[in-house]
Amino acid sequence: MKFTIEHLSKRFETKEVLRDIDFTFEDGKIYGLLGRNGAGKTTLFNCINRDIKSDSGSFFLETDGVRREVQAEDIGYVLSTPTVPEFLTGREFLKFFIDINEDSIPVRKSLDEYFDDISIAPEDRDKLMKNYSHGMKNKMQMLINIIAQPNVLLLDEPLTSLDVVVAEEMKQLLRSLKTGRITIFSTHIMDLALDLCDEIVLLSHGELEVVEKSNLDNQTFKDKIIAALREDEHV
C-alpha cells in the first residue's frame, strides 16, 4: 500500500507554509517527519486529516496498482496534546468507542486485554480520565487507533512531553503497529527520529525531502540539517 500526496499547498495570508508538495509513503515503515517548531508539520497533518482546507492538492491510497481517494476512516490522528472526554472513565470511553465501531472492528478483545496492551494499570481503568496523567491520556489516544486500525496513522509529536519510561513504552507500541499501515511521526528532535523511525523526511521551506538515515549518524551531516532548519526559521 502507498499513500501519495500530490501538489499540496497551503498559505496563511502572506506566509507560504506548504509549497506544492509531492510525496509517496509506503506501508510497513515509520516515517520521521523532521522539522523545526513552526515548520508546518501540524499544518501538513491537518490538511491530510481535512481539519483545515488546503489551497491545492490531493491524497490517494494505492493497493496492488489500484488508486483511490483517501476517506476519513483511512486516517488516524494522535495529537501532541491529547484530547479525551474527561468526564468518562477510561473503561467507559473504551467501551463507548468499541460499541459505536463494532461493525468495523475485525477482531474484538475484552476491555481489560486492551488496557493490558498499553500498560494501563487495573486500578486506573475505572478512574475519570480528567485524573489521568498526560502520558495516560496519550496512551488512550493510541489505543483508539490500535483498535480502529487506520491505513495512515499521523502522530504529532506525541512523545515530546512524556517521561522516559512511558516514552519507551510508546515507542515499542508504535514499532509493533507499523506492519500493514503507513505511520508518519512528526518531531523536532533529531535523535528521537533516528531511534524510532525507518525513514527520515525533512520539512523545510515548505517542501518535503528524504534524508538518508545513515547520513544522520555523521555529525557533519547533522550540522548541515540543523543549519537548514535554522535557515528555514528565518525565511
Side-chain angles (χ1 to χ4, degrees), residues 30-33 37-38 41-46 48-52 72-179 181-189 191-193 195-197:
I30 300 176
Y31 288 85
L33 180 61
N37 288 329
K41 301 185 298 295
T42 298
T43 297
L44 174 62
F45 281 0
N46 285 336
I48 293 172
N49 198 45
R50 296 187 174 91
D51 285 337
I52 62 174
E73 59 270 21
D74 289 314
I75 305 294
Y77 194 177
V78 177
L79 305 172
S80 56
T81 301
T83 303
V84 296
E86 296 189 336
F87 58 90
L88 295 178
T89 67
R91 190 180 300 276
E92 288 169 342
F93 175 50
L94 182 55
K95 184 178 185 304
F96 172 75
F97 181 83
I98 291 174
D99 286 347
I100 64 173
N101 292 281
E102 60 181 349
D103 292 339
S104 60
I105 299 174
V107 179
R108 183 166 172 172
K109 300 192 288 189
S110 72
L111 299 184
D112 285 308
E113 286 176 308
Y114 284 122
F115 281 121
D116 289 341
D117 288 342
I118 58 168
S119 301
I120 295 287
E123 62 268 23
D124 293 325
R125 299 172 186 183
D126 294 295
K127 288 182 180 178
L128 290 175
M129 288 193 292
K130 72 177 182 180
N131 297 319
Y132 276 17
S133 67
H134 182 100
M136 290 168 65
K137 291 176 182 177
N138 218 321
K139 284 183 176 183
M140 292 302 295
Q141 275 199 119
M142 285 298 305
L143 179 57
I144 294 309
N145 282 284
I146 293 170
I147 296 169
Q149 299 183 31
N151 288 313
V152 180
L153 181 57
L154 308 176
L155 303 162
D156 192 2
E157 305 217 29
L159 307 185
T160 303
S161 60
L162 302 184
D163 63 51
V164 174
V165 174
V166 175
E168 191 58 38
E169 289 178 349
M170 294 287 282
K171 285 191 284 186
Q172 294 298 330
L173 182 61
L174 292 173
R175 292 183 184 108
S176 72
L177 290 174
K178 69 180 184 178
T179 302
R181 64 167 49 86
I182 292 136
T183 304
I184 309 173
F185 179 96
S186 82
T187 183
H188 61 279
I189 303 173
D191 288 339
L192 177 57
D195 180 46
L196 176 64
C197 302

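Quantities reported herein were computed from a predicted structural model and do not represent experimental measurements. One is the number of the first residue; the rest follow in order along the sequence.
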Looking only at heavy atoms, what is the nearest atom pair of Lys139 and Ser119, with distance?
NZ-O, 3.4 Å

Considering all heavy atoms, the nearest Ser186-Asp156 contact
OG-OD1, 3.0 Å

Rounded to the nearest 0.5 Å, how far apart are OG1 of Thr89 and CG of Asp124?
11.5 Å

Closest heavy-atom contact between Thr81 and His134?
CA-CE1, 4.3 Å

Dump the intermediate steps for side-chain contact (heavy atoms from CB on, under 4.5 Å) on Leu155 and Gln141, then the final yes or no.
CA-CA 10 Å; Leu155 303 162; Gln141 275 199 119; over 6 Å; no

Distance from Leu196 atom CG to Gln172 atom CD, nearest 0.5 Å?
9.5 Å

Student check: side-chain heavy atoms of Ile118 and Met140 closer than 4.5 Å
yes

So how far is it from Leu143 CG to Asn138 CG, rounded to the nearest 0.5 Å?
12.0 Å

With a 4.5 Å cut-off on side-chain heavy atoms, are Thr183 and Leu177 touching?
no

With Tyr132, which residues qualify under ring pair (Phe, Tyr, Trp, His ring centres under 6.0 Å), at least two apart?
none

The ring pair (Phe, Tyr, Trp, His ring centres under 6.0 Å) partners of Tyr77 (sequence neighbours excluded) come to Phe45

Gap separating the CG atom of Leu192 from the OG1 atom of Thr187, nearest 0.5 angstrom:
4.5 Å

Might you point out which heavy atoms bring His188 and Glu157 nearest each other, and give the distance in Å?
ND1-OE1, 2.7 Å

CG (Asn151) and CZ (Arg181) are apart, to the nearest 0.5 Å, by 8.0 Å

Are the charged groups of Lys171 and Glu168 less than 4.0 angstrom apart, N to O?
yes

Report yes if some heavy atom in the side chain of Val84 is under 4.5 Å from a heavy atom in the side chain of Ile144; otherwise report no.
no

Does any part of the side chain of Arg125, heavy atoms only, come nearer than 4.5 Å to the side chain of Asp116, both counted from C-beta?
yes

Residues Asp117 and Leu173: closest non-hydrogen pair is O-CD1, 4.4 Å

On a heavy-atom basis, which atom in Arg91 and which in Leu111 lie closest, and how many Å separate them?
CG-CD1, 3.6 Å

Quick one: list whatever passes ring pair (Phe, Tyr, Trp, His ring centres under 6.0 Å) with Phe185, sequence neighbours left out.
none

